[in-house]
S.K.: 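After the structure tokens below, expect a handful of questions from me.
We're numbering straight along the sequence, starting at 1.
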Amino acid sequence: LDENKISAYNTRIFVNDGAIQLRFASVEVKSYAVEYKGRKINIYYGDYSPILSEVVNNLSLAVPYAANQNQKEMLLKYIDHFRTGNIDDHKDAQRWWIKDKGPIVEMNIGFIESYRDPYGVRG
């Protein structure tokens, strides 16, 4: 994954009868195949789509109630991340989160904690 600049945080890997499927958590659904070291890998976006759609809807409802511009930008980046599966959007949300000093209610969500993954990469 690292060689292809793909973060493992919001992914799951399935192997069935030798076929590899890499699933990205996102609302948007799309798929394509790539070849890596002679193996075909099916890339699928849309893992957890129905659940993440609800997350995006509720985060969108929260935007007008953000206490400041940092919180608003953070929420918008979380929405982008969960919609597309782009981990860079999540990292941008984290940058806004760091700038939000002393909030009354702190929020940090996403596929970021990797405590249970033996490799320490999947959230």
S.K.: Does any part of the side chain of T11, heavy atoms only, come nearer than 4.5 Å to the side chain of F24, both counted from C-beta?
M.R.: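 Yes, at least one pair of side-chain atoms sits under 4.5 Å.
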S.K.: Quick one: do the D100 and N68 side chains pair a donor with an acceptor below 3.5 Å?
M.R.: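 Yes, because at least one side-chain N or O of D100 sits under 3.5 Å from a partner of the opposite role on N68.
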S.K.: Are D47 and R12 packed together at the side-chain level, in the sense that at least one heavy-atom pair is separated by less than 4.5 angstrom?
M.R.: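 Result yes, sub-4.5 Å side-chain heavy-atom pair found.
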S.K.: Taking T84 for the side chain and D80 for the main chain, is one N or O donor matched with an acceptor at less than 3.5 Å?
M.R.: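 Confirmed, T84 side chain pairs with D80 backbone.
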S.K.: Report the distance from atom OG of S49 to atom CZ of R83, rounding to the nearest 0.5 Å.
M.R.: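 That separation rounds to 12.0 Å.
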S.K.: List the residues meeting side chain to side chain contact (heavy atoms under 4.5 Å, CB included) with V56, not counting sequence neighbours, and say none if there are none.
M.R.: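 So V56 forms a side chain to side chain contact (heavy atoms under 4.5 Å, CB included) with V27, S60, I79, F82.
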S.K.: Could you check whether any side-chain heavy atom of I43 comes within less than 4.5 Å of a side-chain heavy atom of V34, counting everything from C-beta outward?
M.R.: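 In short, these two side chains touch, coming nearer than 4.5 Å.
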S.K.: Taking the side chain as every heavy atom from C-beta outward, state whether N10 and I87 have any atom pair closer than 4.5 Å.
M.R.: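 Of all side-chain heavy-atom pairs linking I87 with N10, at least one is under 4.5 Å.
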S.K.: Who passes salt bridge (Lys or Arg N to Asp or Glu O under 4.0 Å) against K72, sequence neighbours left out?
M.R.: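 With sequence neighbours excluded, K72 shows a salt bridge (Lys or Arg N to Asp or Glu O under 4.0 Å) to no residue whatsoever.
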S.K.: Determine whether the aromatic ring centres of Y78 and H90 lie less than 6.0 Å apart.
M.R.: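 Yes.
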S.K.: Supply the atom-to-atom distance D89 CG to D92 CG, rounded to the nearest 0.5 angstrom.
M.R.: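 Spacing of CG (D89) from CG (D92) equals 6.0 Å.
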S.K.: Are any of the side-chain heavy atoms of L59 and I109 separated by less than 4.5 Å?
M.R.: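 They are in contact (side-chain heavy atoms under 4.5 Å apart), so the answer is yes.
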S.K.: Which value, rounded to the nearest 0.5 Å, describes the distance between Q94 atom CD and D88 atom CG?
M.R.: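 Between Q94 CD and D88 CG, I get 12.5 Å after rounding to 0.5 Å.
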S.K.: So which heavy atom on A66 is nearest to which on L75, and how close?
M.R.: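 Reported closest heavy-atom pair: CB-CD1, 4.3 Å.
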S.K.: Would a 4.5 Å heavy-atom cut-off, applied to side chains only, mark M74 and M107 as touching?
M.R.: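 Result yes, sub-4.5 Å side-chain heavy-atom pair found.
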S.K.: Out of curiosity, does W97 fall in the hydrophobic cluster containing Y65 (side-chain heavy atoms, cut-off under 4.5 Å, transitive links)?
M.R.: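 They do not share one cluster, since no chain of ILVMFWY contacts under 4.5 Å joins Y65 to W97.
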S.K.: Could you tell me the separation between the CD1 atom of I41 and the CD1 atom of I20, rounded to the nearest 0.5 Å?
M.R.: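 I41 CD1 to I20 CD1: 5.0 Å, rounded to 0.5 Å.
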S.K.: If I compare all heavy atoms of A33 with all of K40, which pair ends up nearest, and what's the gap?
M.R.: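 Looking at all heavy atoms of both residues, the shortest contact is CB-CE, 3.6 Å.
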S.K.: So which heavy atom on G85 is nearest to which on S26, and how close?
M.R.: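 Smallest heavy-atom distance, with atoms named: N-CB, 3.6 Å.
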S.K.: Within the 4.5 Å heavy-atom criterion, are Y44 and V29 side-chain neighbours or not?
M.R.: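 Yes, side chains in contact.
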S.K.: Both conditions, 6.0 Å and 45 degrees, for the charged tip of R23 above the ring of Y45: are they met here?
M.R.: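 Because its charged atom misses either the 6.0 Å distance or the 45° angle limit, R23 does not stack over Y45.
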S.K.: Looking at K99, is its backbone amide N or carbonyl O close enough to the side chain of N70 to form a donor-acceptor pair, meaning the two atoms are under 3.5 Å apart?
M.R.: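 At least one qualifying donor-acceptor pair exists.
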S.K.: Distance alone, cut at 3.5 Å: any donor-acceptor contact between the side chains of Q71 and W96?
M.R.: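 Distance-only check fails for Q71 and W96.
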S.K.: Any chance you could lay out the side-chain contact (heavy atoms from CB on, under 4.5 Å) test for L22 and N42, step after step, and finish with the verdict?
M.R.: CA-CA 6 Å; L22 179 62; N42 296 305; over 6 Å; no
